[in-house]
Amino acid sequence: MSSCCTPDGSCGTNAGEATTATAVVDSTATAYRVSGMSCGHCRTAITTSVGALDGVLSVDVDVDGGLVTVTTAGAPDDIAIGAAIDDAGYELTGRA
């Protein structure tokens, strides 16, 4: 049976390879009610506009349900999110 461990106890399989660190971010998912959405274009416009904001990790648009769920690093900026939705041509009517 062979082992990947070297005599000094380190792992030999990663010898000479760079290691990658992954940062863990506290995230918050917030759902908003949005009016005026009716199609895939609406989904794309809102996703693009809101997704460009600092701190936004993801945007999920449910056109049929009239909901936009925004996942942010930390607390969401409701004013900036509302402005981005408005800029895309839709109306944020409140949190869901």
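The structure presented is a predicted model; accordingly, all values stated were derived computationally and were not measured. Hydrogens, waters and symmetry mates play no part in the numbers below; they use all other heavy atoms, side chains included.
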Keeping to residues at least two apart or across chains, list the salt bridge (charged side-chain N to carboxylate O under 4.0 Å, His left out) pairs with something in residues 28-56.
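Qualifying pairs, neighbours excluded: none.
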Please check this pair: side chain of S49 against backbone of A84, looking for a donor-acceptor N/O pair closer than 3.5 Å.
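Looks like yes, one N/O pair under 3.5 Å.
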T71 versus A29, closest heavy-atom pair with distance:
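Heavy atoms of T71 and A29 come nearest at OG1-CB, 3.8 Å.
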For D62, which residues count as a salt bridge (Lys or Arg N to Asp or Glu O under 4.0 Å) partner, sequence neighbours excluded?
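In terms of salt bridge (Lys or Arg N to Asp or Glu O under 4.0 Å), with neighbours along the sequence ignored, D62 is linked to no residue.
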Between I85 and V50, which heavy-atom pair has the shortest distance, and what is it?
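Minimum heavy-atom contact is CG1-CG2, 3.7 Å.
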Shortest non-hydrogen contact from S27 to L57?
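Looking at all heavy atoms of both residues, the shortest contact is CB-CD1, 3.7 Å.
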For the residue pair G51 and V56, what are the closest heavy atoms and their distance?
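Shortest heavy-atom separation between G51 and V56 comes out as CA-CG1, 4.0 Å.
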Applying salt bridge (charged side-chain N to carboxylate O under 4.0 Å, His left out), which residue pairs with at least one partner in residues 83-95 are found, sequence neighbours left out?
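Qualifying pairs: D78-R95.
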Is V68 linked to L53 within one hydrophobic cluster, defined over Ile, Leu, Val, Met, Phe, Trp and Tyr using a side-chain heavy-atom separation of less than 4.5 Å?
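Linked, V68 and L53 end up in one cluster.
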Please report the closest heavy-atom contact between A45 and Y90, naming both atoms and the distance.
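Smallest interatomic distance, heavy atoms only, reads CB-CE1, 4.1 Å.
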Taking all atoms of both residues into account, what is the closest heavy-atom pair of C42 and G36, and its distance?
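So the two residues come closest at SG-O, 4.2 Å.
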If we only count heavy atoms from C-beta on, is the P76 to V70 side-chain gap below 4.5 Å?
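Heavy-atom side-chain distance check fails, nothing below 4.5 Å.
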Enter the distance from Y32:OH to T69:OG1 here, rounded to the nearest 0.5 Å.
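Those atoms lie 9.5 Å apart.
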Any link between V63 and I46 through a network of hydrophobic side chains (Ile, Leu, Val, Met, Phe, Trp, Tyr) touching at under 4.5 Å?
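Both belong to a single hydrophobic cluster.
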